[in-house]
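One structure is given below, encoded as structure tokens.
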Amino acid sequence: MSYAGDLTPQQAWDLLTSDGEAVLVDVRTDAEWRYVGIPDSAPIDGRAALVEWVSYPSGRPNPQFLKQLAEAGVTAGRPVVFLCRSGVRSVAAAQAATAAGLGPAYNVLEGFEGDVGPDGHRGHSGWRAAGLPWRQA
């Protein structure tokens, strides 16, 4: 594995609440943050950042990703937990951070709202479904 590992949403929250150095990075797009919501970082003293992995609306990788991580305080030796919509983009982000010497970097399984359920909608799994803190952006 080219990053520190995968965490369930609850395991990610437990790491963030028990390690005062750990930071949460939501790598979804600005549109997702605004229309779906974001993790509420108030309970973890604001140790969270919104850094797009793929830029909206172009769909291209964010060329400033590593620079923006550094600006958010992500450094070598500081645990970083990556979150996306369903746990796919966050794997790529964790791999890129690890390759750059940042972290340990973790991926949140199921992401913020999980895969599409039998009813054709998201939200049956992931950060929000686990009852973890979140808010509208």
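All values derive from a computational prediction rather than experimental measurement.
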| query | Rounded to the nearest 0.5 Å, how far apart are OH of Tyr3 and OG of Ser90? | reply | 8.0 Å

| remark: On a heavy-atom basis, the closest approach of Pro9 and Leu132 is O-CD1, 3.3 Å

| field | Partner set under side-chain contact (heavy atoms from CB on, under 4.5 Å) for Ala99, not counting sequence neighbours | value | none

| Minimal non-hydrogen separation, Ser41 against Ala48, with atom names | CB-CB, 3.4 Å

| query | Does the pair Arg89/Glu32 count as a salt bridge with the N-to-O cut at 4.0 Å? | reply | yes

| request: Indicate yes or no for a side-chain donor-acceptor contact from Thr8 to the backbone of Gln11 under 3.5 Å, with no hydrogens or angles considered. | output: yes

| said: Any side-chain to backbone donor/acceptor pair from Trp127 onto Pro133? Under 3.5 Å, distance only. | reply: yes

| message | Quick one, Leu69 with Phe82, criterion side-chain contact (heavy atoms from CB on, under 4.5 Å). Give me CA distance, side-chain angles, the key distance, then yes/no. | response | CA-CA 11 Å; Leu69 286 182; Phe82 288 102; 3.9 Å; yes

| query | Below 4.5 Å, heavy atoms only, C-beta onward: do Pro39 and Phe112 meet side chain to side chain? | reply | yes

| field | Sidechain-backbone polar pair: Arg85 side chain, Arg28 backbone, donor-acceptor under 3.5 Å | value | no

| field | Nearest non-hydrogen partners of Ala12 and Val108, listed with the distance | value | CB-CG2, 3.7 Å

| Cluster question for you: counting only ILVMFWY and a side-chain heavy-atom cut-off of under 4.5 Å, with indirect links fine, are Leu83 and Leu66 together? | no

| task | Under the side-chain contact (heavy atoms from CB on, under 4.5 Å) rule, what do Ile38 and Leu50 come out as? Steps first, then yes or no, please. | result | CA-CA 9 Å; Ile38 59 174; Leu50 305 175; 4.0 Å; yes

| said: Rounded to the nearest 0.5 Å, what separates atom CD in Gln95 from atom OG in Ser2? | reply: 3.5 Å

| task | Measure the CZ-OG1 distance between Arg47 and Thr17 for me, rounded to the nearest 0.5 Å. | result | 8.5 Å

| Is there a path of hydrophobic side-chain contacts, each under 4.5 Å between heavy atoms of I, L, V, M, F, W or Y residues, that connects Leu15 with Val91? | no

| Just by modelled atom types, is the Glu21 backbone N or O under 3.5 Å from a matching donor or acceptor in the Arg78 side chain? | yes

| remark: In short, Leu102 meets Ala76 closest at the heavy-atom pair CD2-N, 4.0 Å

| field | Working for side-chain contact (heavy atoms from CB on, under 4.5 Å), residues Leu7 and Leu109 | value | CA-CA 6 Å; Leu7 303 172; Leu109 296 167; over 6 Å; no

| request: Flag the pair Val74 / Val23 as yes when at least one side-chain heavy-atom distance between them is below 4.5 Å, and no otherwise. | output: yes

| Euclidean distance, Glu52 CD relative to Asp30 CG, rounded to 0.5 Å | 6.0 Å

| By side-chain contact (heavy atoms from CB on, under 4.5 Å), which residues pair with Asp14, not counting sequence neighbours? | Gln10

| Does Trp134 have Arg128 sitting over its ring (NZ/CZ under 6.0 Å from centre, angle to axis within 45°)? | yes

| said: Please find the pair of heavy atoms, one from Ile44 and one from Leu16, that lie closest to each other, and give the distance. | reply: CG2-O, 3.7 Å

| message | Would the distance check show the side chain of Glu113 and the main-chain N or O of Gly123 forming a donor-acceptor pair, the cut-off being under 3.5 Å? | response | no

| Verdict with reasoning, Trp33 to Asp26, per side-chain hydrogen bond (donor to acceptor under 3.5 Å, both in side chains) | CA-CA 9 Å; Trp33 301 325; Asp26 187 331; 3.1 Å; yes

| Candidate pair Phe65 and Val51, rule side-chain contact (heavy atoms from CB on, under 4.5 Å), full reasoning | CA-CA 7 Å; Phe65 182 73; Val51 180; 3.6 Å; yes

| query | Asp115: what forms a side-chain contact (heavy atoms from CB on, under 4.5 Å) with it, not counting sequence neighbours? | reply | Ser86, Arg122

| request: Treat each ILVMFWY residue as a node, draw an edge where side-chain heavy atoms are under 4.5 Å apart, and state whether Leu24 and Tyr106 are in one component. | output: yes

| Where is the tightest heavy-atom contact between Ala4 and Pro104, given as atom of each residue plus distance? | CB-CB, 3.7 Å

